[in-house]
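Encoded as structure tokens, the structure appears first; notes follow it.
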2 protein chains.
Amino acid sequence: MVLDILKRNNLSVTDGRKKILELFLKSDGALEHADIEKFTGETFDRVTVYRTLQTFVDKGIIHHIPTTDNSILYALCKDNCEAGHHHDNHVHFVCEQCNKTICLEDVIVPQVKLPKGFKPSHAEMVVNGICADCK
Amino acid sequence: MVLDILKRNNLSVTDGRKKILELFLKSDGALEHADIEKFTGETFDRVTVYRTLQTFVDKGIIHHIPTTDNSILYALCKDNCEAGHHHDNHVHFVCEQCNKTICLEDVIVPQVKLPKGFKPSHAEMVVNGICADCK
DNA sequence: GTAACTGCAAAATATTTGCATCCTT
DNA sequence: AAGGATGCAAATATTTTGCAGTTAC
């Protein structure tokens, strides 16, 4: 699974990459940079985390999720990544209770009618509220 | 105009606040922290910019705009601010050409149907593409 | 006059870069 | 063996905090 993803993207398989990728696969939601660092902190250098995340973003394995606060969130979105071409067109949900960010893979970002002259290419949507677990 | 906003929010009128607020009113879009600092840099201390922006956010005069890259954007959304209670429910547009972020005041964030158990309270939407000016 | 705002200095955090070494292929 | 990945050290950049002096009301 982890190996597939790395190989498919022509990345050499290293402990750091495996560990971080597994973390994404295990978590159903999005991860903050700080979380990832905390998790890998004992094992890997801070710099390696930066570089690994950057590599994953470049390859389209993970992507940034827009946030209203200033945190930096990354998510791996399973279906799209398996398909190989990354297309993050689903809604993200941020729970105000547990503070997790969840990829709602089945909720597609709706189209909106823009003013004259605006040409959309891609849209992101983030919904805040209470998630199913916290309800 | 600027004075109105400050007084309405029980903030004392200082040069720094006036200058930054004017900058927001002049710009039709959103401002990155770095832009604001560059603009005020000669006149005001870096720290004052941080504190002023924080104050404005607290009072609901400006708000963060979610971004997919890691930049920190603020915007003052005219209508809502005039009304006094801040309710940022319109779509934001990021132009891939000129790189500006524009508040589409007339485009309301659409409702989406969420999975069972999810209770939405607020939604943000960011559309990327080419803006009317760059077209 | 008093409370609030600002500037400065400095601390605390976060991010990036260079280079030598080690690991994957 | 060769190219790429990592760790370490250090350079940068960003954000926060404390405090003394200044300003708005």
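Below, chains carry the letters A, B, ... as their sequence lines are ordered, and counting in each starts from 1. As the structure is a computational prediction, the values presented were derived from the model and not from experiment.
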Original post:
With sequence neighbours excluded, what pairs up with B:Arg46 under the side-chain hydrogen bond (donor to acceptor under 3.5 Å, both in side chains) test?
Top reply: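 Partners of B:Arg46 under the side-chain hydrogen bond (donor to acceptor under 3.5 Å, both in side chains) test: B:Glu37.
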Subject >> Those residues that, when tested against A:Gln54, pass side-chain hydrogen bond (donor to acceptor under 3.5 Å, both in side chains) (two or more places apart) >> reply: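 Checked A:Gln54 against side-chain hydrogen bond (donor to acceptor under 3.5 Å, both in side chains); matches are A:Asp58.
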Subject >> side chain to side chain contact (heavy atoms under 4.5 Å, CB included) partners for A:Asp45, two or more places apart >> reply: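 For A:Asp45, the residues satisfying side chain to side chain contact (heavy atoms under 4.5 Å, CB included) (neighbours in sequence not counted) are A:Val47, A:Thr48.
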Original post:
What residues, two or more places apart in sequence or in another chain, satisfy ring pair (Phe, Tyr, Trp, His ring centres under 6.0 Å) together with A:Tyr74?
Top reply: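 Partners of A:Tyr74 by the ring pair (Phe, Tyr, Trp, His ring centres under 6.0 Å) criterion, ordered by chain and then number, come out as A:His64.
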Subject >> Passing candidate, side chain to side chain contact (heavy atoms under 4.5 Å, CB included) with B:Leu31, options B:Leu53, B:Leu73, B:Leu23 >> reply: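 With B:Leu31 as partner, side chain to side chain contact (heavy atoms under 4.5 Å, CB included) holds for just one option, B:Leu23.
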**OP:** Check B:Leu11 against B:Arg17 and note the closest heavy-atom contact, atom names and distance.
**Re:**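 Smallest heavy-atom distance, with atoms named: CB-NH1, 3.7 Å.
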Original post:
Any chain of hydrophobic side-chain contacts (each under 4.5 Å) joining A:Ile108 to B:Leu114?
Top reply: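 No.
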**OP:** Send over the distance from B:Asp58 CG to D:dT16 P, rounded to a whole Å.
**Re:**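 Answer to the nearest Å: 12 Å.
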Original post:
Roughly, in whole Å, what's the span from CG in A:Asn10 to C1' in D:dA5?
Top reply: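 Rounding to the nearest Å, CG of A:Asn10 and C1' of D:dA5 are 15 Å apart.
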**OP:** Keeping to residues at least two apart or across chains, list the ring-ring contact (aromatic ring centres under 6.0 Å, His included) pairs with something in residues 39-62 of chain A.
**Re:**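 Counting only pairs at least two positions apart or across chains, the ring-ring contact (aromatic ring centres under 6.0 Å, His included) contacts touching residues 39-62 of chain A are A:His33-A:Tyr50.
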Original post:
Which residue pairs pass the ring-ring contact (aromatic ring centres under 6.0 Å, His included) test with at least one member in residues 93-121 of chain A, sequence neighbours excluded?
Top reply: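 Matches after skipping sequence neighbours: A:Phe93-B:Phe118, A:Phe118-B:Phe93.
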Original post:
In degrees rounded to 10°, what angle is found between the helical axes fit to the five outermost pairs at each end of the helix from C:dG1-D:dC25 to C:dT25-D:dA1?
Top reply: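 The angle, to the nearest 10 degrees, is 40°.
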Original post:
Other than A:Val126, which residues form its hydrophobic cluster under the rule that side-chain heavy atoms must be closer than 4.5 Å?
Top reply: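 A:Val94, all in the cluster of A:Val126.
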Pick out the pairs of N or O atoms, protein on one side and nucleotides 20-25 of chain D on the other, that lie under 3.5 Å.
{"from": "D:dC25", "atom 1": "OP1", "to": "B:Val13", "atom 2": "N", "distance (Å)": "3.0"}

Subject >> Non-hydrogen side-chain atoms of A:Asp106 and B:Pro115 separated by less than 4.5 Å >> reply: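 No. Closest side-chain heavy atoms not under 4.5 Å.
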Original post:
Do B:Gln111 and B:Pro120 have side-chain heavy atoms sitting under 4.5 Å apart?
Top reply: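 When only atoms from C-beta onward are counted, B:Pro120 and B:Gln111 do not touch, as no gap falls below 4.5 Å.
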For a quick test of your reading: what N or O donor-acceptor pairs under 3.5 Å do the side chains of residues 128-135 of chain A make, sequence neighbours left out?
none

Original post:
What are the residues of residues 45-55 of chain B, sorted by number, that bring a heavy atom to within less than 4.0 Å of DNA chain D?
Top reply: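 B:Arg46, B:Val47, B:Tyr50, B:Arg51, in order of number.
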Original post:
When we call it a touch if two heavy atoms are under 4.0 Å apart, what does A:Leu6 touch: a base, just sugar-phosphate, or nothing?
Top reply: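 Nothing, no heavy atom under 4.0 Å.
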Original post:
First contact, last contact: which nucleotides of DNA chain C are these for chain B, 5' to 3', heavy-atom distance under 4.0 Å?
Top reply: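 On DNA chain C, the outermost contacted nucleotides are C:dA4 to C:dA9.
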